[in-house]
2 protein chains.
Amino acid sequence: MHPSPSDFRLEAVLHALSDPVRLSIIRQLAREGEATCAALDGGRPKSSMSHHFRILRESGLVKTRNEGTSHMNELRAQDLDKVFPGLLTAILNATLTV
Amino acid sequence: MHPSPSDFRLEAVLHALSDPVRLSIIRQLAREGEATCAALDGGRPKSSMSHHFRILRESGLVKTRNEGTSHMNELRAQDLDKVFPGLLTAILNATLTV
DNA sequence: TCGATTGTTCGATATTATTCGAACAATAGC
DNA sequence: GCTATTGTTCGAATAATATCGAACAATCGA
């Protein structure tokens, strides 16, 4: 469910971020540090969001922990930077300009 | 066919590179500077390669110029770095470790 | 325990991507 | 012109993704 950094695959990370919904999730997490799933849906159905969070988790981008009934999400920024140095930073910088 | 840097879209670039065939093309172009389409197919059919080159072109990653009967491809590294600073470098570095 | 809240999982559908063969341009060289 | 070479385009088949409602699981508070 949460892969270890040695199992991160570049294609999976890039694919996860090639979707506008998931890219906006990552952007918001970068701004706010962490957020629940509910705080990150843009009025979208829960089942759709759950699908996107799964892809983000399985690619290694996001770590989800249970916190009562809600699930808290945070970027795995350090793990990612260990395997793909500078990648997340470059993507977050790019989204700022757009 | 060849978008200007102001029309580059991050999602399109990430999607283009989320495919292993296209990622290997980009890697080879980064090593060799430029190469024809034929030099970049791995025995794959021409129609498949043409499809991948189109996605690479339309995302802004690759520039293709005619050179006789063959088409020469090169990375648009400078254009990309202008719009998405550090992104291509990070991706190419990542592929080296994998 | 009951009800409300938060996500996940399942199933189905619709859209999009990938792949490949075959037919089609465009060019070079004879 | 004619022919070989190099890619592109077209069409169709296959595979993968996105989307959403409905049913399900887990937790909290009263």
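Per chain, numbering begins at 1; letters A, B, ... match sequence-line order.
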Base, sugar-phosphate, or nothing: which does B:N66 touch, judged by heavy atoms less than 4.0 Å apart?
-> nothing
Nearest heavy-atom pair of [X] and [Y]: which atoms, and what distance?
X	Y	result
B:A16	B:S59	CB-OG, 3.7 Å
A:P85	B:A90	O-CB, 3.7 Å
A:R22	A:H15	NH2-O, 3.5 Å

Under the side chain to side chain donor-acceptor pair (under 3.5 Å) test, which residues partner [X], sequence neighbours left out?
X	answer
A:T64	A:R57, A:N73
B:Q78	none
B:E34	B:R65

With a 4.0 angstrom cut-off to heavy atoms of chain B, pull out the first and last contacting nucleotide of DNA chain D, in 5'-to-3' order.
-> D:dT5 to D:dT9
Identify, residue by residue, the members of residues 43-59 of chain A with a heavy atom below 4.0 Å from DNA chain D, and return them in order of residue number, or none.
-> A:P45, A:S47, A:S48, A:H51, A:H52, A:I55
Got a salt bridge between B:D79 and B:K82, using NZ or NE/NH1/NH2 to carboxylate O under 4.0 Å?
-> yes
Specify the residue among B:A38 and A:G68 whose closest nucleotide of DNA chain D lies further upstream toward the 5′ end.
-> B:A38
B:S4 meets the side-chain contact (heavy atoms from CB on, under 4.5 Å) criterion, sequence neighbours left out, with B:S6, B:D7
